[in-house]
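A quick write-up on the structure given underneath.
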There are 2 protein chains.
Amino acid sequence: MVMTSFRKTKAYENVLDKLKNYIKENELQPGDRLPSERELVDQLQVSRSSIREGLRAIELLGLIETKTGEGTFLRSYQSYRTLSLLAMFIFQDPNTKIDILEVKRLIEKEALKMAFASDRLGVVEQWEEIAQVKNGQTISKHRAFYQVVFQSAKNDLLEKMWRLMDEFVETFHVQQYSDRFYLKVKNVFVQDHYQEIEKIFETAEG
Amino acid sequence: MVMTSFRKTKAYENVLDKLKNYIKENELQPGDRLPSERELVDQLQVSRSSIREGLRAIELLGLIETKTGEGTFLRSYQSYRTLSLLAMFIFQDPNTKIDILEVKRLIEKEALKMAFASDRLGVVEQWEEIAQVKNGQTISKHRAFYQVVFQSAKNDLLEKMWRLMDEFVETFHVQQYSDRFYLKVKNVFVQDHYQEIEKIFETAEG
DNA sequence: GCATTCCATTGGTCTGACCACTCAACCACT
DNA sequence: AGTGGTTGAGTGGTCAGACCAATGGAATGC
């Protein structure tokens with residue numbers, strides 16, 4: 001008996017494949033609406049159950065968003081729920097925790113360098129606005145700080161990756177951000193000392 | 001009208017929560033079997049459709065594996081699968097192509113620095129072995145080169161991210177890797193000039 | 001012009017049905 | 001006792017159809 005280990009593709013996997021192509025062909029952007037579930041039934045010739053299995057799967061991934069009465073929409077990132085779910089499994093390997101922290105830190109450093117090169121003084125200006133307005137939680141201060149950075153770094157992918165990791169880290173690690181760190185970074189920017197960025201990150205702080 | 005932005009949790013999300021607890025309480029290990037879909041219907045008091053939406057979602061994530069006629073089984077987590085899923089959609093955005101190239105280059109640079117700090121001479125040694133053995137295509141030479149790097153950089157996440165980008169870049173961009181580049185990097189390693197790594201990447205080459 | 005009502009559309013959920021596959025218990029034959 | 005085939009219960013895979021709640025725009029009334 002020949003055992004051609006041939007895995008029959010499931011209906012919902014086909015749905016995802018078709019959906020991916022649909023998004024590509026129509027060049028859908030985050031926020032754009034996907035066809036309704038019932039329209040997809042007609043177009044893909046599978047039952048609504050299968051359609052929904054596929055949609056729920058990528059919803060969990062945070063790739064789409066559904067609104068009752070309106071429809072299904074593409075979105076760009078975010079899904080704290082999934083991350084906390086994955087966290088449980090990912091930490092079967094304790095090393096990944098360290099890896100994530102390391103990569104996140106690396107991204108922060110490089111993003112700062114990119115922002116520095118792109119719009120050094122503009123960044124400083126925005127940081128000062130934040131410092132005046134925001135007296136809120138340290139976590140939102142932290143995000144506001146880097147939002148400015150990524151806006152000037154002009155690399156959406158890098159920002160998406162950072163946000164994922166930042167949210168993920170939040171699931172297992174109480175992040176502490178010292179005001180000293182922000183101040184140090186700002187001074188480096190003000191004084192136009194590009195090389196110092198590397199050195200700041202060589203210390204344990206961050 | 002008060003708009004308490006209150007998101008009603010969906011049935012399949014509850015399923016996942018309960019399932020997570022079940023796994024935790026019973027200390028299920030990869031390979032262990034979960035309750036059948038029909039059993040879960042009884043236990044969780046939701047319809048089989050909702051059960052399946054949840055199961056299909058975490059199946060896509062690679063957390064479980066289903067075998068027709070047998071059941072649903074816990075699976076050892078495969079982070080690459082999750083990452084490639086996310087990448088599949090994130091990379092879809094045509095605007096990110098340039099971003100990907102930039103981030104990939106950034107990762108290569110930082111990985112080199114990590115490898116340098118970790119095992120400078122060991123890396124050089126392995127590079128020389130490659131140079132002798134491999135006379136094959138430039139693409140495989142390129143991958144072998146960085147495989148050595150990542151092995152010493154000791155960060156799996158970084159390597160996986162790089163692999164995804166490298167594979168993706170191949171689909172739209174003819175990668176050119178000049179022997180001169182490798183040689184330059186090797187020399188920097190041999191001569192123990194850590195600072196030069198940054199400078200190599202400041203040129204257009206790569 | 002504006003507020004209200006109404007209704008088609010959309011996602012959310014459930015029920016019940018049928019199929020293909022797996023595995024173990026059972027049975028018949030040697 | 002051992003072999004091999006049959007059978008049936010259980011499992012995931014898929015489907016059709018139904019009802020609900022929320023949404024938003026069109027029709028309506030003032």
Side-chain angles (χ1 to χ4, degrees), chain A residues 1-19 22-23 26 28 30-75 79 81-82, chain B residues 1-19 22-23 28 30-75:
Chain A
M1 168 108 187
V2 184
M3 274 301 297
T4 46
S5 166
F6 178 67
R7 199 174 132 281
K8 198 184 163 205
T9 67
K10 298 174 186 174
Y12 86 95
E13 293 175 326
N14 276 324
V15 170
L16 292 181
D17 220 40
K18 300 278 178 60
L19 221 44
Y22 179 88
I23 293 170
N26 298 64
L28 295 196
D32 288 349
R33 188 171 170 283
L34 293 172
S36 77
E37 297 179 354
R38 289 167 179 86
E39 281 171 0
L40 287 173
V41 169
D42 287 339
Q43 291 179 24
L44 308 187
Q45 289 295 304
V46 292
S47 73
R48 199 174 152 213
S49 323
S50 298
I51 300 281
R52 281 186 62 85
E53 286 182 10
L55 288 178
R56 261 2 85 208
I58 57 176
E59 181 185 66
L60 186 67
L61 272 176
L63 302 177
I64 60 172
E65 183 180 11
T66 57
K67 297 175 186 169
T68 310
E70 295 186 63
T72 306
F73 302 86
L74 209 57
R75 81 171 172 192
S79 62
R81 165 164 235 96
T82 313
Chain B
M1 167 99 190
V2 185
M3 270 305 297
T4 46
S5 166
F6 178 68
R7 197 174 138 286
K8 198 184 161 203
T9 66
K10 298 175 187 174
Y12 87 96
E13 293 176 328
N14 275 323
V15 171
L16 292 182
D17 267 351
K18 300 276 180 60
L19 221 45
Y22 178 89
I23 293 170
L28 294 196
D32 288 350
R33 188 172 172 283
L34 293 172
S36 77
E37 298 180 354
R38 288 167 179 86
E39 281 171 3
L40 288 174
V41 169
D42 287 339
Q43 292 180 23
L44 308 187
Q45 289 296 304
V46 292
S47 73
R48 200 175 152 214
S49 326
S50 298
I51 299 281
R52 281 186 62 84
E53 286 182 10
L55 288 177
R56 259 6 84 207
I58 58 175
E59 181 185 65
L60 186 70
L61 284 177
L63 302 182
I64 60 173
E65 183 179 13
T66 55
K67 296 177 186 168
T68 310
E70 296 185 62
T72 307
F73 302 86
L74 206 57
R75 189 177 181 181

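For the numbers below, each heavy atom of this structure counts, side chains included, while hydrogens, waters and symmetry mates do not. The chains referred to below are lettered A, B, ... by the order of the sequence lines, with proteins before strands, and numbering in each begins at 1.
The CZ atom of Arg33(B) sits 15 Å away from the P atom of dT22(C) (whole-angstrom rounding). Spacing between atom NZ of Lys10(A) and atom P of dC21(C) amounts to 14 Å, rounded to whole angstrom units. At whole-Å resolution of the value, CD in Glu70(A) and C1' in dT10(C) are 9 Å apart. At whole-Å resolution of the value, NZ in Lys8(A) and P in dT22(C) are 12 Å apart. If you measure from atom CG of Asp42(B) to atom C1' of dC14(C), you get 14 Å, rounded to the nearest angstrom. In this structure, the CD atom of Glu37(A) is 8 Å from the C1' atom of dG12(C), given to the nearest Å. Rounded to whole angstrom, the span from the CD atom of Glu39(A) across to the P atom of dT9(C) amounts to 10 Å. Rounded to an integer number of Å, the gap from CD1 of Ile64(A) to C1' of dG12(C) is 14 Å.
Between Val46(B) and Val41(B), the shortest heavy-atom contact is O-CG1, 3.4 Å. Here the closest non-hydrogen pair linking Arg33(A) and Gly71(A) is NE-CA, 4.0 Å. Counting all heavy atoms, side chain and backbone alike, Arg75(B) lies closest to Gly62(B) at CD-O, 3.5 Å. When all heavy atoms of Ala57(A) and Leu60(B) are compared, the pair lying nearest together is CB-CD2, 3.6 Å. Shown here for Leu55(B) and Leu40(B), the closest heavy-atom pair between the two residues is CD1-CD1, 4.5 Å.
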Show me the protein contacts with nucleotides 6-8 of chain C, counting only N or O atoms at under 3.5 Å.
none

- Note on the structure: Contact string for nucleotides 15-20 of chain C, one letter per nucleotide 5' to 3', B = base within protein heavy-atom range under 4.0 Å, S = sugar-phosphate only, - = neither, reads B-BB--
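Residues forming a side-chain contact (heavy atoms from CB on, under 4.5 Å) with Thr66(B) (at least two apart in sequence, or on another chain): Lys10(A), Arg56(B), Glu59(B), Thr72(B). Every residue two or more places apart in sequence or in another chain that forms a side-chain contact (heavy atoms from CB on, under 4.5 Å) with Ser47(B) is listed here: Ser49(B), Ser50(B). Residues satisfying the side-chain contact (heavy atoms from CB on, under 4.5 Å) criterion with Asn26(A), sequence neighbours excluded, are Tyr22(A), Leu28(A).
Within 4.0 Å of Glu65(A), counting heavy atoms only, lies no atom of the nucleic acid at all.
Remark: Glu39(B) CD to Ile51(B) CD1 distance equals 11.0 Å, nearest 0.5 Å. Note that NZ of Lys18(A) is 9.5 Å distant from CD of Gln45(A), once rounded to the nearest 0.5 Å.
Nucleotides of DNA chain D that come within less than 4.0 Å of any heavy atom of chain A span, from the 5' end to the 3' end, dG13(D) to dG24(D).
Side-chain N or O atoms of Glu70(B) include none that pairs as donor or acceptor with a backbone N or O of Lys67(B) at under 3.5 Å.
Considering only side-chain N and O atoms, Ser50(B) lies nowhere under 4.0 angstrom from the phosphate OP1 or OP2 of dG12(C).
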